[in-house]
Amino acid sequence: MQYEAVIGLEVHVQLKTKSKMFCGCATEFGGSPNTQVCPVCLGYPGVLPVMNEEAVSKTIRTGLMIGSKVAGFSKWDRKSYFYPDMPKNYQISQYDLPLCAEGAVEIKLDGGKTKAIGVTRAHLEEDVAKSTHFETTSGVDFNRAGVPLMEVVSEPDMRSPEEAFAYITALKEILVSGGISDCDMEKGQLRCDSNVSVRPIGQKEFGEKVEIKNMNTISGVRRALAYEIQRQTAALQKGEKVSQETRRWDDAAGRTFVMRTKEYAHDYRYFPDPDLMPVVVSEEMIAAARKLLPELPEAKRQRFIKQYGLPEYDAGVLVADTALAGYYEKAAVASKNPKAISNWVMTELLGKLSEAKRTIGECAIQPEHLTELVALVDGGQISGKIGKEVFAEMFDSGKSPGLIVKEKGLVQVSDTGALEGFVNEAIAKSPKSVADFKAGNEGAINFLKGQVMKLSKGKANPQLVGEILQRKLRGG
Amino acid sequence: MRKPVARRYDTFLNMANDTNQFDVGYVAHLARLHLSDSEKQKISAQLKDTLAYVAKLNELDVSKVEPTAHATPLANVLRRDEVRPSIDRATILKNAPEQARDLFIVPKIVE
């Protein structure tokens, strides 16, 4: 019998705000433990949480980007649970009236097809503290407690680990481009749980679902799902039952382990939080959020292809990173050769950045300088080879290419008299290549060309050198 | 009319609707209370009475009434996204049951 998987994802995203969800403590990542805390985020009794308007507005913006219905009326609930990372014994969340309901994220499948993955809801809640486990005790750092956290719940619309991977990637792209979150998984800004079940193909009802936790990377999600689908399928094939339970993914071991079974499922006992007033989303609030909507990645990709004449591949690479796309546009918009700009960005710039372990934001080269460099090469003032040398210098010093060319005397030699001198010298030094060329080996001219370039320290105009060589060899 | 996206009957509502379902051990566990057998008996009887009293509310037809989210008629109590000073760590850690490496130390609980 053939089986298929049914996958739904719950993605938690830390919103990009300066202060926490319900208090003024800083949200900045990497602070010394327990330095960004106060009675509110430590869960002291008797404190009064007050909503961060930026978190609310970013959630509304997310809803607009994924085509959700933004609720006119939304409220806050307490979700009861007992764990040291949440000492007031409840998490402030949204239960039955989330800010955003419904929506969809479009994913790309093999062969250029697309598929819409439904979103059930997106709501706001507060993040919990970070626990570190020691031999016999645990240590708790509350810097993360109370950071605004948005939970995006998908419909069970995915059928393979690859689709789940594509969904998270697409959602992440939307959230980063909208300035909603940086979605850095290493910093825990994007976390993901999954529900997965398996059923015989053709069956309408879902199989018994298993929840998987602790998938810390997007590729980890793919591995965990692939393992779990295979485990459930094998069980069904042997005539066994899959039990409804929560399992933990162990990436090192490459398998999932039971965390808790249905009998031990949490009973969260949600009830309205009396400390917090509801949110009434007005037309004005939606209009304000609409003004801040970014161009969606797919639209931007199409525009790059049209406006800058880029191949689909280039547009895809550039748009996948919002900051990189912004950098490219600044350089391309003023250039006569946007495709050349793309070549420099995709090969030289990305290569250098990854070598130096720097982000595009930390790049010393101004976009305008890249425009200038392409103009210098296209105008024949410097050769492409010298261009790379100038680029390396720009990357290290941040100087403009014009200045570097001037300082180092790198201007391309197009003066025929000077070039003829180099050509004569090369011909005199390489009688064998000259003889080969005359014997009909046209390729031998490249060696001579190389010699001329070497003699001119790379500054000779290669096209002119070729012409002069041809003339001299054929004429002589 | 607001439409709730998700609705699930709460444990207590179920129990209020059917007091025979009432499980004092389960409720005590949810509140992390340890009750002796005699306490269980006593409290079970008391809570059943309480629930039976609250169950009178079920006689009201509230099908056309919107659920109250808050008793105070206020909405959108928001603050600007501005960082305010936190409390000094040394001060806050004075309230920790135990501390080490600038962390609150608690018994190890791993799920």
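Just so it is clear, the values below take in all heavy atoms, side chains as well, and ignore hydrogens, waters and symmetry mates.
Around the NZ atom of A/Lys69, the shell of radius 6.0 Å holds no more than 12 heavy atoms that belong to other residues, nucleotides or ligands. In the displayed structure, B/Arg101 atom CZ is contacted under 6.0 Å by at most 12 heavy atoms of other residues, nucleotides or ligands. Within 6.0 Å of CD on B/Glu39 lie more than 12 heavy atoms contributed by other residues, nucleotides or ligands.
Between chain B and the residues A/Pro84, A/Cys41, A/Ala55, the largest count of heavy-atom pairs under 4.5 Å involves A/Pro84. Counting heavy-atom pairs closer than 4.5 Å to chain A, the top-ranked of the candidates B/Ile87, B/Val83, B/Asp81 is B/Asp81. Chain B forms the most heavy-atom pairs under 4.5 Å with one residue out of A/Ser80, A/Ser32, A/Ala129, A/Ser74, and that residue is A/Ser32. When each of A/Asp141, A/Val279, A/Val50 is scored by its heavy-atom pairs under 4.5 Å with chain B, the top score falls to A/Val50. Per-residue heavy-atom pair counts under 4.5 Å with chain A were compared for B/Glu98, B/Arg89, B/Arg84, and the maximum is reached by B/Arg89. Most heavy-atom pairs under 4.5 Å with chain B: of the set A/Trp76, A/Phe134, A/Phe22, this distinction falls to A/Phe134.
Among all heavy-atom pairs drawn from A/Glu125 and A/Ser93, the shortest one is OE1-OG, 2.9 Å. Between A/Val280 and A/Met285 the shortest heavy-atom distance is O-SD, 3.6 Å.
When heavy atoms are compared at a cutoff of 4.5 Å, A/Lys213 does not approach chain B at all. Of the two parts of A/Lys75, only the side chain, counted from C-beta on, holds a non-hydrogen atom closer than 4.5 Å to a non-hydrogen atom of chain B. With a 4.5 Å cut-off on non-hydrogen atoms, A/Ser131 does not touch chain B at all. For chain B, no part of A/Phe257 is nearby; none of its heavy atoms comes within less than 4.5 Å. Looking at A/Thr17, the atoms closer than 4.5 Å to chain B (heavy atoms on both sides) sit in the backbone and in the side chain alike. Neither the backbone nor the side chain of A/Asn89 comes within less than 4.5 Å of any heavy atom in chain B. Contacts of A/Glu135 with chain B are made by backbone atoms alone, with heavy-atom separations under 4.5 Å and no side-chain atom involved. For A/Leu42, the part sitting under 4.5 Å from any heavy atom of chain B is the side chain, from C-beta outward, and nothing else.
Salt bridge status for A/Arg78 with A/Asp275: present, with a side-chain N to carboxylate O gap under 4.0 Å.
Among A/Gln91, A/Gln189, A/Arg191, the one residue that satisfies the side chain to side chain donor-acceptor pair (under 3.5 Å) test with A/Asp127 is A/Arg191.
Between the side chain of A/Lys130 and the backbone N or O of A/Asn143 there is no donor-acceptor pair closer than 3.5 Å. Counting only distance, with no hydrogens or angles, the side chain of A/Asp157 and the backbone of A/Gly118 share a donor-acceptor pair below 3.5 Å.
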